[in-house]
Chemist: 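So that we are looking at the same thing, I have put the structure below in structure tokens.
Proteins get letters first, then strands, A, B, ... in listed order; numbering begins at 1 in each. Reckoned from all heavy atoms, side chains included, excluding hydrogens, waters and symmetry mates.
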Amino acid sequence: MSDQRTPETTAESASWVSDARGKRPFSTFILQITAVILLLALVPLWLGGSRVMMGVAVLGLAFICYTIGFNIIFGSTGQLFLCVGALAGVGGYGAAILADNFGLPMLVSIVLATLASTLIGGLLSYVAVRRSLGVIFTGIVTLIFTLSFDALLLGLGEWTGGDNGRLITTGRDTFLRDQIPPYYVMLTLVFLFLLIHGLLQRSHFGWAFRALRDNEGAAELAGIDVARYRVYAALIGSAMLGLAGAVYVFTEGRMSPTTFGFGQVDVVVMVMLAFGSIGNLFGPILGAVTFTVVDEILIEAGQLREVAYGLLIILLFLRLPDGLIPILDAWRQRFSNRNKAT
Amino acid sequence: MTANILDGIVFGLQLGLLATGLTLVYGLGGVLNLAYGQIAVIAALVVSFSLDAGMPLLVAILIGLLAGGLVGLIMDQTILRPVYRLHEEPRVLLSLLLTLGLSFVIEGFLIWRFPLGALSLRVGSGPIEILGVPMRAGSIVASVITLLTFASLYVFFRYTAVGLAVRSIIEDEEGARLVSIEPKKMMRLILFLSGVLAGLVAVTRSMVAPVDTHAGLSITVFALIVTVVGGLGSVSGAFFAGIILGVINIVAADYIGSYVSLIMLLVAAALTILIRPAGLLGVPE
């Protein structure tokens with residue numbers, strides 16, 4: 001899959017601070033997305049025979065979706081949302097409960113649940129921006145939201161199935177539970193999300209995102225409403241998380257707190273994003289595909305898999321020059337600039 | 001009601017001590033240690049193994065505390081080194097991510113190696129009556145130890161040269177450097193102290209309820225919440241926030257059920273951050 005990272009995209013990720021991006025012709029960008037999607041579309045030819053492997057592949061696609069959503073929120077505007085799993089869970093649990101317990105049609109419940117996670121994500125961002133919380137406090141407030149969501153899942157056992165989770169009856173006898181179609185449903189989402197993220201990067205959003213990430217103060221002075229763009233990014237990203245979570249649970253047919261757990265989703269998404277280079281359009285795909293494969297290999301290791309995750313996180317953030325470090329440097333510059341200014 | 005409040009204070013004192021270890025490291029070095037709960041678990045397991053090996057209780061506890069401190073020292077010498085090269089927010093962020101990774105490494109290893117490991121200390125025999133409420137002897141011993149620790153921390157930070165040096169760094173690192181206080185040395189000391197405190201909390205907690213291999217994450221989360229509410233870098237803030245949150249938690253758990261009480265605790269923490277980002281007793285920047 002890494003073949004898809006043409007020299008052009010690699011060069012771009014290395015010089016992501018410059019504004020080289022966005023000058024690429026529109027057709028190249030469409031071509032790249034199409035090529036990536038076509039490559040991913042071939043996966044069932046290879047794994048289609050195995051129900052287990054197709055399940056892994058669908059989960060991998062769901063993680064690509066989550067990572068794209070998180071990339072828009074954290075990678076584009078530096079808001080450390082430690083509630084990726086919880087926002088996806090609002091979508092997943094919300095849609096399943098609306099459809100199963102309240103008898104709403106599947107599509108309506110998906111839309112409503114997505115709306116709910118969009119609003120929650122937007123609200124979290126709005127509050128953080130209004131109170132001008134830094135990265136760390138945004139992280140802690142969103143982490144608190146994650147913990148509350150987990151407590152709710154356990155507490156509202158009659159709807160959520162508590163610790164053991166629950167089965168979802170809606171969509172049981174449709175193509176969504178077949179072996180191969182769910183893969184293409186999720187792939188359509190990946191395509192949509194990539195397209196939206198790509199279009200965002202080329203619109204005035206992209207310019208604002210880059211400006212406020214490079215130097216927030218200068219962006220503000222240049223007339224960019226930093227607060228507004230932060231909230232926009234959170235709204236769009238959270239909508240993606242909620243939608244992906246909702247669609248995923250209907251293809252899976254069951255869910256439990258671990259489906260959207262902090263350790264199972266947030267940490268993994270962070271690793272995927274760091275691995276694939278933060279802020280880059282195709283980073284999430286590279287990271288998610290690699291990580292899904294590695295995870296399958298490690299599944300034999302049992303508890304030691306957690307050790308491997310931990311080592312991977314440490315190594316990634318210490319050693320990968322293309323990962324988090326450019327962002328850290330940019331923030332450091334931003335801070336030294338701000339300190340000089342005051 | 002009195003019983004609930006007393007139980008809340010017992011729990012709250014431990015929360016306060018727990019948060020103290022985290023808040024000192026953050027206040028001094030801008031390092032948010034997410035492997036903190038795992039250090040407590042390591043200490044608890046070491047105490048439990050030492051007891052199994054036939055050592056007297058006090059010696060076993062001492063070894064456990066030293067083990068906790070040692071983990072802090074090792075962190076200071078290894079994964080925190082690149083963290084010290086950064087400053088301000090990037091430093092906190094990198095420390096948070098690296099210690100998160102470390103917490104996975106430690107927890108995965110411990111659960112793999114000692115899946116059933118746990119520490120549960122039995123202290124005293126019958127209940128002791130306080131304010132007309134029978135309290136478990138373990139709770140009282142735990143609270144006395146915790147209070148004594150707070151008292152010695154108070155003396156340490158108020159009257160000893162080293163304690164004053166640490167506080168001067170928290171206040172103004174550049175200024176401290178100018179009067180030839182070495183932040184690096186102090187950081188090493190405080191990471192050791194923080195590990196010892198984590199171990200002490202594990203020991204006192206195990207007098208009330210067992211501390212097992214899986215307890216790490218919830219210990220870290222509680223410590224983080226109390227730290228934030230009390231004000232990052234403030235020991236007295238951690239003390240009061242611990243007691244307040246402990247009482248809220250136990251009283252609410254009794255009246256409305258435990259998951260709502262946890263959510264109330266979380267909402268209280270979130271509101272504190274939003275209304276007063278510096279925390280109850282922190283100094284606003």
Side-chain angles (χ1 to χ4, degrees), chain A residues 78 80 82 127-128 130-137 139-157 262-263 267 270-271 274 301-319 324-325 327-332 334-336 338-339, chain B residues 26 30 32 34-35 38 78-79 81-83 85-113 115 217-218 221 224-225 227-228 232 257-271 273-277 285:
Chain A
L80 183 59
L82 295 179
V127 169
R130 286 315 300 232
R131 299 294 306 165
S132 46
L133 302 182
V135 182
I136 303 311
F137 278 103
I140 293 175
V141 169
T142 50
L143 182 66
I144 288 178
F145 171 65
T146 298
L147 298 170
S148 315
F149 179 73
D150 285 350
L152 265 184
L153 287 190
L154 295 183
L156 301 174
F262 181 77
V267 173
M270 228 187 288
V271 172
Q303 270 306 325
L304 284 181
R305 182 158 66 145
E306 209 181 325
V307 176
Y309 276 177
L311 287 176
L312 197 62
I313 294 177
I314 294 176
L315 287 180
L316 271 179
F317 287 113
L318 273 187
R319 293 280 169 240
L324 194 74
I325 306 304
I327 281 205
L328 294 177
D329 280 339
W331 275 333
R332 187 170 53 190
R334 205 179 79 193
F335 262 90
S336 55
R338 183 185 287 174
N339 288 347
Chain B
Y26 183 87
L32 206 51
L34 292 188
Q38 274 72 25
T78 52
I79 64 165
R81 291 197 139 199
V83 172
R85 276 183 229 127
L86 299 176
H87 294 282
E88 308 276 344
E89 228 161 26
R91 180 191 276 198
V92 188
L93 198 60
L94 188 66
S95 71
L96 182 152
L97 292 164
L98 290 182
T99 53
L100 183 73
L102 183 68
S103 77
F104 279 112
V105 174
I106 297 178
E107 183 158 301
F109 178 78
L110 289 181
I111 294 178
W112 171 65
R113 198 71 187 73
L217 181 65
S218 64
V221 165
L224 194 61
I225 290 174
T227 302
V228 167
L232 290 163
S258 81
Y259 88 92
V260 185
S261 81
L262 179 58
I263 293 178
M264 279 181 59
L265 190 76
L266 294 168
V267 170
L271 285 179
I273 295 175
L274 296 177
I275 295 166
R276 206 179 139 75
E285 280 171 27

Chemist: Roughly how far, to the nearest 0.5 Å, is OG of B/S103 from CD1 of A/I314?
Modeler: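 Output value for this atom pair is 8.5 Å.
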
Chemist: Can you tell if the side chain of B/W112 reaches within under 4.5 Å of the side chain of A/V307, non-hydrogen atoms only?
Modeler: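 With C-beta onward as the side chain, the pair stays apart.
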
Chemist: How long is the span from the CG atom in A/L147 to the CG atom in B/L217, to the nearest 0.5 Å?
Modeler: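 Separation between the atoms: 8.0 Å.
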
Chemist: Measuring from atom OG of A/S148 to atom CD1 of B/I263, what distance do you get when rounded to the nearest 0.5 angstrom?
Modeler: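 Output value for this atom pair is 6.0 Å.
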
Chemist: Under 4.5 Å from any heavy atom of chain A, what part of B/I275 do you find: side chain, backbone, both or neither?
Modeler: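 Backbone of B/I275 only, per the 4.5 Å heavy-atom cut-off to chain A.
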
Chemist: Measure A/L133 against the heavy atoms of chain B and call it side chain, backbone, both or neither at under 4.5 Å.
Modeler: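 The side chain, not the backbone.
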
Chemist: Please state whether the side chain, the backbone, both or neither of A/L312 comes within less than 4.5 Å of a heavy atom of chain B.
Modeler: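 For A/L312, neither part sits under 4.5 Å from chain B.
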
Chemist: Roughly how far, to the nearest 0.5 Å, is CG of A/L82 from CG of B/L96?
Modeler: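 Going from CG on B/L96 over to CG on A/L82, the span is 7.0 Å.
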
Chemist: Please report the shortest heavy-atom distance between A/I144 and B/A270, naming the atom on each side.
Modeler: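 That closest heavy-atom pairing would be CD1-N, 4.0 Å.
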
Chemist: Relative to chain A, which segment of B/L98 carries a heavy atom at a distance below 4.5 Å: side chain, backbone, both, or neither?
Modeler: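 For B/L98, heavy atoms of backbone and side chain both lie under 4.5 Å from chain A.
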
Chemist: Does a side-chain heavy-atom distance below 4.5 Å link A/F137 with B/V228?
Modeler: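 In short, these two side chains touch, coming nearer than 4.5 Å.
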
Chemist: List the atom of A/I136, the atom of B/L93, and the distance in Å for their closest heavy-atom pair.
Modeler: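 Closest approach of A/I136 to B/L93, heavy atoms only: CD1-N, 4.0 Å.
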
Chemist: If I take atom CG from residue A/L143 and atom CG from residue B/L34, how far apart are they, to the nearest 0.5 angstrom?
Modeler: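 One gets 8.5 Å once the value is rounded to the nearest 0.5 Å.
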
Chemist: Side chain, backbone, both or neither: which part of B/V221 has an atom under 4.5 Å from a heavy atom of chain A?
Modeler: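 When you check distances to chain A, only side chain atoms of B/V221 fall under 4.5 Å.
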
Chemist: Is the shortest side-chain heavy-atom distance between A/V267 and B/F104 below 4.5 Å?
Modeler: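 The answer is yes; the side chains approach within 4.5 Å.
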
Chemist: For B/L224, is it the side chain, the backbone, both, or neither that has a heavy atom closer than 4.5 Å to a heavy atom of chain A?
Modeler: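 Interface part for B/L224: side chain.
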
Chemist: Nearest 0.5 Å, please: how far is CD in A/E306 from CG in B/L110?
Modeler: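 Spacing of CG (B/L110) from CD (A/E306) equals 10.0 Å.
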
Chemist: Locate the shortest heavy-atom distance separating B/L97 from A/M270; write the atom from each residue and the value.
Modeler: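 Smallest interatomic distance, heavy atoms only, reads CD2-SD, 3.1 Å.
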
